[in-house]
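Heads up: the structure comes next, in structure tokens.
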Amino acid sequence: MKLPSKTNREKQRRITRRALMLGGVQMAFIGVLSWRMRQLQVKQSSQYRLLAEENRINIRLIPPERGLIFDRGGVALAANQPNYRVVIVREQAGDPARVLADLARLIDLPEETRQDILDTMERHSAFVSVPVAEHLDWQDFARISANAPALPGINTEVGLDRIYPQAEAYSHIVGYVGPVSDTDLARYENPDPVLKIPDFRVGKTGIERKLEDLLRGSAGTSRIEVNSAGRVMRELGRSEGRNGADLQLTVGDDLQKYAQYRLQGESAAAVVMDVQSGDLHAMASTPGFDPNLFIYGISSKDWNALRDNPYRPLADKTISGVYPPGSTFKMVVALTALEEGVIEPDEFINCPGYYDLGNRRFHCWRRGGHGRVDLSNSLKQSCDVYYYEISQRVGIEKIATMARRLGLGEVPSLPLPAMAAGLVPTKQYKQDKFQQPWFIGDTLNSAIGQGFVLASPLQLAVLSARIASGRMVEPRLIRRVNGVPQPLERPPRIGLSDTQLDHVRFGMFRVGNERRGTAYASRIAEESMRMAGKTGTSQVRQITAAERAAGVTKNEDLPWERRDHALFVGFAPYDNPIFSISVVVEHGGSGSHTAAPIARDIMLRALYGTQPPLSAYPAEIRSKMRLQQEQEPAPAPITPTPVEDRA
Amino acid sequence: MTILDPTLNQPPHGWRKVLHVNWALVLLITAVASFGFLMLYSVAGGSYDPWASKQMERFAAGMVIMFVVGFTPIGFWKAVTPLVYLGGLALLVGVYLFGHTGMGAQRWINLGFIMLQPSEVMKIAVVMVLAQYYDWLDPAKVSRPLWVFVPLMLMAVPFALVIIQPDLGTSLLILLSGAVVMFLAGVSLWYFGAALFSGVALVTAVFLSRGTSWQLIKDYQFRRIDTFLNPELDPLGAGYHIMQSKIALGSGGVSGRGFMQGTQSRLNFLPEKQTDFIFTTLAEEFGYVGSTILLVLYALIIIFCIASILKNRDRYGALLTGGIAATFFFFFAVNMAMVMGLAPVVGVPLPLVSYGGSAMLVLLGAFGLIQSAHIHRPRGIVN
């Protein structure tokens, strides 16, 4: 009351009026609520009471059938098999504990399992079906069905389970399904109610995960009327769901299995790709694992064995493994230099075995040097000094641009999770990452695919496919969806002239088909199928000056994890390329000894489509190859299922 | 002036305050809360555990808080208003930094003895600070743009802190409660008209944008709106709650199915039956008669608060009472509209009835402020 009373009264008047207005509005809204209450509870009451009491309507979800996955030849990679099982619905059971006890007299159902089921029921709504027993044999199933009237709330169902008939061979590509976890639910803004059905399965890795929405389809619903005892009176309506789409992959025709077999025992990856269409015919990564282990939740023993294996069986090395590409990167540098015109193909550079940059000496892998080498010879013999020289002339930025054009340094577009981008270094990259300027020495290291450069086996296969075809080929994994072929467009040209590409292709040809080529020992003898390629041996350790002086330690004398990675990339036939290939053997020693023979065998298998005749191999190794072919396990007889439209 | 002690002509002191408590309001609050105990007993299947007994204890504690706050002079509360507001902001920041995440949102802070939801406190604090602001401001200036801007800022800061939790419902309630205080303080109706108009324009724009390249909200948000408008579209997803809740209400009929006889809540058809959807149990078991009685009790609480404002010449006390009453109104109005299918499903409890400790204590504390304003209002003949 510090203000004069006149002003005070003025204030008082206004708040009075506004307070009455506010009260009026509030009362009006209460009036609306009251009107609505009358409408629901008096006018429409009988209708709602009907819904609530006399006809309790249950809505059941009809889970969709998950789409199948086939390989290129129509062999099932992921299939559904019937699962005879019984479920219990709490609201129909009356006394679930008693019903379960009765059921235990018909089938084997230990006390603890029954308790688990009761606990699960408590966690779910009353109308949800909770699984009691799965994978029953036909006899048990029939016995329960016959006794159904005495077991209220117990329903028999035929569900579908996922199986992976090819087990290990496709484990990384196809992936596996598993129970829905909270993390899975969190991935969706608005999870499909079907995910909340107990024991529903969703894709966890591979295509199963990445194309989950396509494979899952959508649930149908069935509205059924039940009487007060819970007996189903009739079905009132039904909305059909949509089954998941069937997928046909580009991999297969037995090549995948052979590649997986050929890499056995190593921690390795191989990719075979069609150089025109980009179809991936094989994506092998060893060791594999059995995806069937995961469907019902893997045992901790199996899980620990997979997790602790130093060869990392769970990782798909073709897409998530990144390696220094080593000498396989030299094509990138050669193409950059040709395009920029800093070198002529027939220009000679002298290799004394080392290259001095300031006071630092960079060594060629061959201590004695290669003498005078031109472009194709530099590839054939994998001369490092040649690339030290031309990389300096052209600079890292141009090399990086070319590497990206050839498919390195970015995530390939495939429907697979956990794909690595690899790394194509630039000056900016080093500044951002290490706060250090780029040195010329870094360019030299990059030129031979060491230092910062990283690439995945898939990227290396794309690289060599682009060199072989001269086009911007993109890898492709899905061939058909529900029987409908996926469109293929002829990719645009890469922007390099055929003359430029031919110089590099010729160098790659010499690698495998001329004496002193680094892969000459692994050549293909059959004229029409000769392979062009490039070996790579990438260091995973630093060789010190002291070690170099004392003689570099041989790979065989090093512990496994410090040995060099062995790489090979290539394409064949040289005259008319069909496939490109990349092989990476982790800590495999040298590219020419370890990776090149594997690449030759897989490539021959791809070209012939079956076991190649011995005449495809050079004469001096035919007896050895005969032995190798005889040891190969006979392919299991498989009947391809025709891929037709199920939708 | 009260029939208990009609002779007083200045604010009471000491024990005499007891006679000047707004006893009608106390009785109404107790009556509403008793409805809550009854329903919590019923949804637990005829048991004091786990909800009814705890709720009674909290109600008792809340009543003690209400009387302590009520007997404290309103001048004290006016003086500490800035501290309450800043303290509330500090708690909100604290939640942002150290809060507990529950149900996908960060709302709770652990004070050791109680899990507190600072946004609850903030709703009251915003009303207090705006009341104090308009008490201080010369009424002739209230509609000038600059002086309208200041309270908007006072609301914007807590609004922003609550909306990032994220809690859209509570942040909108903060805005609405603040808007009510501004309305009571006499801010020109043109401002409210403009705000309403731009709100309607925004909603229209959102709907018109659907399916176009400049779509303003996400597809799933549109689907939620669709579900609200037509719950039968999605009877198993979000529409399930609205459908089941309407079935419960409707099947109650005029006289209800009888105490503890509701099948909908008994059979677990209803979600959150002890908190947000408790009104459906009441409506099912006590019918149109029971739900109307509860609605009338709520209406009476509002009417008694408005009556208290009309009697109060202290601008701070009147604005505070009006703001708190409006907050209370928004709570039950939005909750009831939601279960009746008039508003989308948002997590707002039914005040004094729904199970929940933090909300109950804060609400009764706020009613304590209304009591304090009522007890200590200026008396006597002016002029």
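Only heavy atoms go into these numbers, but all of them, side chains included; no hydrogens, no water, no symmetry mates. Within every chain, numbering begins at 1; the chains are lettered A, B, ... in the order of the sequence lines, protein sequences first and strands thereafter. Just so it is clear, the model here is predicted, and its values are computed rather than measured.
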| query | Roughly how far, to the nearest 0.5 Å, is the CD atom of A:Gln26 from the CZ atom of B:Phe332? | reply | 7.5 Å
| request: Sort A:Gln44 into side chain, backbone, both or neither according to what part of it lies under 4.5 angstrom from a heavy atom of chain B. | output: neither
| task | Working to the nearest 0.5 Å, report the span between OG1 of A:Thr16 and NZ of B:Lys311. | result | 13.5 Å
| task | Give a yes or no on this: more than 12 heavy atoms of other residues, nucleotides or ligands lie within 6.0 Å of atom CZ of B:Phe330. | result | yes
| message | Given heavy-atom pairs under 4.5 angstrom as the criterion, report whether the side chain, backbone, both or neither of A:Met27 touches chain B. | response | side chain
| message | Test your reading of the model: is there a side-chain donor-acceptor pair from A:Ser45 to the backbone of B:Gly250, 3.5 Å cut-off? | response | yes
| field | Worked verdict on B:Thr292 versus A:Met37 for side chain to side chain contact (heavy atoms under 4.5 Å, CB included) | value | CA-CA 8 Å; B:Thr292 301; A:Met37 219 137 72; 4.0 Å; yes
| Side chain / backbone / both / neither for B:Phe329 at chain A, heavy atoms under 4.5 Å | side chain
| Closest non-hydrogen atom pair, B:Ile306 against A:Ala19 | CD1-O, 3.6 Å
| How far apart are the closest heavy atoms of A:Phe29 and B:Ala333, and which atoms are they? | CE2-CB, 3.6 Å
| said: How long is the straight-line distance from CD of A:Gln41 back to NZ of B:Lys246, given to the nearest 0.5 Å? | reply: 13.0 Å
| A:Arg18 (side chain) donor-acceptor with B:Val187 (main chain) under 3.5 angstrom | yes
| Just how far is it from atom CD1 of A:Ile30 to atom CD1 of B:Ile303, taken to the nearest 0.5 Å? | 7.5 Å
| Any sub-3.5 Å donor-acceptor pair from A:Arg36's side-chain atoms to B:Leu342's backbone N or O? | no
| query | Between B:Gly322, B:Ala283, B:Gly253, which shows the greatest number of heavy-atom pairs under 4.5 Å with chain A? | reply | B:Gly253
| Side chain, backbone, both or neither: which part of B:Val180 has a heavy atom under 4.5 Å from chain A? | side chain
| field | Contact class of B:Leu249 relative to chain A, heavy atoms under 4.5 angstrom | value | both
